[in-house]
Amino acid sequence: MQQQTRKPELLEGNLPVFVFPTELIFYADDQSTHKQVLTLYNPYEFALTFKVLCTSPSKYIAAETAGAVKPQCCVDIVIRHKDVRASHFGVVDKFRLYVFEQSQKKTLGRKEVNATLLPSAKGQQHKEEEEKRFKNEHMAEHVFHEHKPYKPDVGSPPSGPSLLVVFLIIICTAALMLPTLGDIESMVPLYLHLSVRMKLVAAYVLGLITMYLRK
């Protein structure tokens, strides 16, 4: 007697959702940044449907707020900022992506992406440099005051992520930022264009590393 193979039941809300980039930054003085692209990846063996919600829908135009993603494929969601004004500088809005199993109503997972409007890219770069300098000075002062006689600690585990983890994060992030095969408008050399499958693998590995670091 032949037994039917059952698909494993997916728990509601526990499915990892892979979206890149993880944050949207719009600059008021750079019109080219007023249009951003969110890429939703589906590395699974089953199709997904998705829905996009926003905390401030009046500020943005989303080209596709709902749709489907085939197994081991991805879909681009174009987000346009249509209300660029000084009163919105620094305000953090949120986009929330819900994913569902196709033909099912229960939510399998969700992902939030912050969206921020800043006045200038140059001003933001200067601010980040100042914050980095202040942080380095503060850390140096802290080390000076808290310095203690050296005591060898045999067998103590290293703190922070290993060099291999950092290397994988850099490689996966770079892979997601490279253009996809068939993107004729890109100025990047053709040999650096990656296939959708390669980007799916990079997104999956980056998601696993993120979950590991959160433990």
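We number each residue from 1, following the sequence as shown.
One finds the OG1 atom of T39 at 10.5 Å from the CG atom of L200 (value rounded to the nearest 0.5 Å). Note that NE2 of H81 is 10.5 Å distant from CD1 of I25, once rounded to the nearest 0.5 Å. For the atom pair CD of E23 and CD of Q36, the computed distance is 10.0 Å after rounding to the nearest 0.5 Å. With rounding to the nearest 0.5 Å, the separation of CG in L164 from CG in L168 is 4.5 Å. Note: L15 CG to K106 NZ = 10.5 Å, rounded to the nearest 0.5 Å. L40 contributes atom CG, which lies 10.0 Å from atom CD of E64 (distance to the nearest 0.5 angstrom).
No donor-acceptor distance shorter than 3.5 angstrom exists from the side chain of S56 to the backbone of K59, with no hydrogens or angles considered. Of the possible donor and acceptor atoms, one in the side chain of T33 sits under 3.5 Å from a partner among the backbone N and O of D30. N42 places a side-chain N or O within 3.5 Å of a backbone atom of F46 that can act as its donor or acceptor partner. Under the 3.5 Å distance criterion, the side-chain polar atoms of K94 are left unmatched by any main-chain donor or acceptor of L53. Looking only at distances, a side-chain donor or acceptor of H88 sits under 3.5 Å from a matching main-chain atom of D83. T55 places no side-chain N or O within 3.5 Å of a backbone atom of D93 that could act as its donor or acceptor partner.
A heavy-atom distance below 4.5 Å is found between the side chains of P43 and F18. Taking 4.5 Å as the limit, some side-chain heavy atom of I77 sits within range of a side-chain heavy atom of L97. Within the 4.5 Å cutoff, the side chain of T116 has no heavy atoms near those of the V91 side chain. The closest side-chain heavy-atom distance from M177 to F20 is below 4.5 Å. Considering only heavy atoms from C-beta on, I79 stays 4.5 Å or farther from V37 through its side chain.
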Problem - Test side-chain contact (heavy atoms from CB on, under 4.5 Å) applied to Y41 and L176, step by step - result: CA-CA 11 Å; Y41 295 90; L176 293 175; 3.4 Å; yes
Exercise for the section: Would you sort out whether H34 and V84 count as a side-chain contact (heavy atoms from CB on, under 4.5 Å), showing the intermediate values? Expected result: CA-CA 9 Å; H34 297 178; V84 178; 3.9 Å; yes
Practice task
Apply side-chain hydrogen bond (donor to acceptor under 3.5 Å, both in side chains) to the pair T180 and K199, showing each step before the final yes or no.
Solution key: CA-CA 8 Å; T180 308; K199 288 198 169 189; 3.3 Å; yes
Practice task
Using the side-chain contact (heavy atoms from CB on, under 4.5 Å) rule, take T22 and V113 through it: C-alpha gap first, then chi angles, then the decisive distance, then the call.
Solution key: CA-CA 6 Å; T22 56; V113 177; 5.8 Å; no
Practice task
Go through the steps to decide whether V78 and K35 satisfy the test side-chain contact (heavy atoms from CB on, under 4.5 Å), and finish with yes or no.
Solution key: CA-CA 7 Å; V78 179; K35 173 186 173 183; 3.8 Å; yes
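Nearest approach of A28 to L117, heavy atoms of both residues: N-CD1, 4.0 Å. Closest of all the heavy-atom pairs between D29 and S120 is OD2-OG, 2.9 Å. Residues Y44 and P16 share a closest heavy-atom pair of OH-O, 2.7 Å.
Both V196 and Y204 are assigned to one and the same hydrophobic cluster, defined by single-linkage of ILVMFWY side chains at heavy-atom distances under 4.5 Å. Tracing side-chain contacts under 4.5 Å through hydrophobic residues (I, L, V, M, F, W, Y), one reaches V165 starting from V201; they form part of the same cluster.
Within 6.0 Å of CD on Q31 lie no more than 12 heavy atoms contributed by other residues, nucleotides or ligands. More than 12 heavy atoms of other shown residues, nucleotides or ligands fall within 6.0 angstrom of atom CZ in F89.
F26 and Y60 have tilted rings, their planes meeting at an angle from 30° to 60° on a 0 to 90° scale.
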Taking only distance into account, with no hydrogens and no angle test, what donor-acceptor pairs under 3.5 Å do side-chain atoms of residues 67-75 form with protein atoms, sequence neighbours excluded?
{"unit_1": "Q72", "atom_1": "OE1", "unit_2": "R197", "atom_2": "NH1", "d": "3.0"}
{"unit_1": "Q72", "atom_1": "OE1", "unit_2": "R197", "atom_2": "NH2", "d": "3.3"}
{"unit_1": "Q72", "atom_1": "NE2", "unit_2": "E45", "atom_2": "OE2", "d": "2.8"}

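Tested against Y98 for a side-chain contact (heavy atoms from CB on, under 4.5 Å), the candidates L108, T107, V17 yield a single pass: T107.
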